[in-house]
Amino acid sequence: MGPKTVCRQTPQDPIIWPANHVDRVLTIAHVCHDPPPCQLLPLSTPLTREDCQKRCMEFENCRGVEYRHSEDRCEILARPTEWFIDNTKHRTVGGPLDFECWLYKPTCDVLIQLRDHGAQSPTFDWAWRVCFGEDDAA
């Protein structure tokens, strides 16, 4: 969805999750199901964003990835995920604004909502062209 974005299930989700919503332990990677907590993956080395996306594509129920660059932290989201929050407009956590939300295989209807909410990235533009055959999502 672009730089400095975090994933959310729906537009109604809170900007800041309650403390008991997710596992608060920093991990290199984990898979988040609905309901939480998240399941730890057996990883011993940090993942790049590209590694994280590749793991998502290989994971049967992956709906998206939330990646934090400063921690090389990869969250593979198995719960329904069709929304994002721009951290420059709504701060969700302390520390650097270095999250990136990547939704895997959103429907064309969801893409329209995401575009109207400000999604901007090369992969979003590519998905838009696949759905609508237009040159850009603007």
Side-chain angles (χ1 to χ4, degrees):
M1 298 298 100
K4 301 178 183 171
T5 58
V6 294
C7 297
R8 291 293 184 264
Q9 289 180 265
T10 70
Q12 290 75 38
D13 284 347
I15 291 173
I16 298 176
W17 290 110
N20 63 354
H21 181 75
V22 294
D23 184 353
R24 294 175 10 177
V25 176
L26 292 181
T27 58
I28 293 172
H30 53 270
V31 177
C32 295
H33 297 276
D34 192 20
C38 300
Q39 167 193 357
L40 298 181
L41 292 176
L43 296 173
S44 59
T45 57
L47 295 175
T48 65
R49 183 190 63 205
E50 292 78 15
D51 292 336
C52 188
Q53 290 170 332
K54 184 178 178 197
R55 278 187 89 92
C56 173
M57 291 185 284
E58 294 168 352
F59 183 68
E60 183 178 341
N61 296 319
C62 184
R63 300 297 296 272
V65 161
E66 187 175 280
Y67 186 79
R68 189 164 199 185
H69 294 273
S70 62
E71 299 168 358
D72 291 324
R73 180 163 53 100
C74 167
E75 293 182 14
I76 297 172
L77 306 171
R79 60 181 179 249
T81 306
E82 296 183 339
W83 200 244
F84 72 98
I85 293 175
D86 182 338
N87 257 329
T88 62
K89 296 177 183 173
H90 303 284
R91 195 160 180 93
T92 59
V93 296
L97 299 178
D98 62 348
F99 286 92
E100 191 169 344
C101 173
W102 184 74
L103 303 182
Y104 188 53
K105 294 186 177 180
T107 66
C108 294
D109 288 341
V110 167
L111 285 177
I112 293 170
Q113 295 171 21
L114 295 171
R115 178 207 55 194
D116 293 346
H117 188 58
Q120 295 180 1
S121 71
T123 54
F124 179 85
D125 292 343
W126 178 84
W128 186 270
R129 285 191 302 275
V130 168
C131 279
F132 303 108
E134 298 177 20
D135 287 340
D136 60 41

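Just so you know, these numbers come straight off a predicted model, no measurement behind them.
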(request) Indicate yes or no: at least one non-hydrogen side-chain atom of Asn87 is less than 4.5 angstrom from one of Phe99. (result) yes
(message) I want to check something: taking the side chain as every heavy atom from C-beta on, are Phe84 and His117 in contact at a cut-off of under 4.5 Å?
(response) yes
(message) Do Val110 and Trp126 sit in one hydrophobic cluster, given that two such residues count as connected whenever their side-chain heavy atoms are within less than 4.5 Å of each other, even indirectly?
(response) no
(message) Using a 4.5 Å cut-off between side-chain heavy atoms of Ile, Leu, Val, Met, Phe, Trp and Tyr, which other residues end up in the same hydrophobic cluster as Trp102?
(response) Met57, Val65, Tyr67, Tyr104
(request) State whether the side chain of Glu66 and the backbone N or O of Cys101 hold a donor-acceptor pair below 3.5 Å, judged by distance alone. (result) no
(message) Is any side-chain heavy atom of Trp83 closer than 4.5 Å to one of Met1?
(response) no
(message) Less than 4.5 Å apart, side chain to side chain, heavy atoms only: is that true for Arg115 and Leu111?
(response) no
(request) Using the test side chain to side chain donor-acceptor pair (under 3.5 Å), find all partners of Thr107 that sit at least two apart in sequence or belong to another chain. (result) none
(request) Please name the pair of heavy atoms, one in Arg68 and one in Pro96, separated by the smallest distance, quoted to 0.1 Å. (result) NH2-O, 2.9 Å
(message) Would you compute the distance between atom NZ of Lys89 and atom OG1 of Thr5 and round it to the nearest 0.5 angstrom?
(response) 11.5 Å
(message) So Trp128 and Thr123, do their side chains get closer than 4.5 Å, heavy atoms only?
(response) no
(request) Would you give the length of the straight line joining atom CZ of Arg63 to atom SG of Cys7, rounded to the nearest 0.5 angstrom? (result) 11.5 Å
(request) Walk me through it: do Asp86 and His90 pass the test side chain to side chain contact (heavy atoms under 4.5 Å, CB included)? (result) CA-CA 6 Å; Asp86 182 338; His90 303 284; 5.8 Å; no
(message) For the NZ atom of Lys105 and the SG atom of Cys56, what is their distance to the nearest 0.5 Å?
(response) 9.5 Å
(message) As an exercise, state the distance from NZ of Lys54 to SG of Cys62, rounded to the nearest 0.5 Å.
(response) 14.0 Å
(message) Testing the basics here: between Lys4 and Leu97, what is the closest heavy-atom pair and its distance to 0.1 Å?
(response) CG-O, 3.1 Å
(message) My understanding is that only residues two or more places apart in sequence, or in another chain, count here; which of them pass side chain to side chain donor-acceptor pair (under 3.5 Å) with Glu100?
(response) Arg49, His69
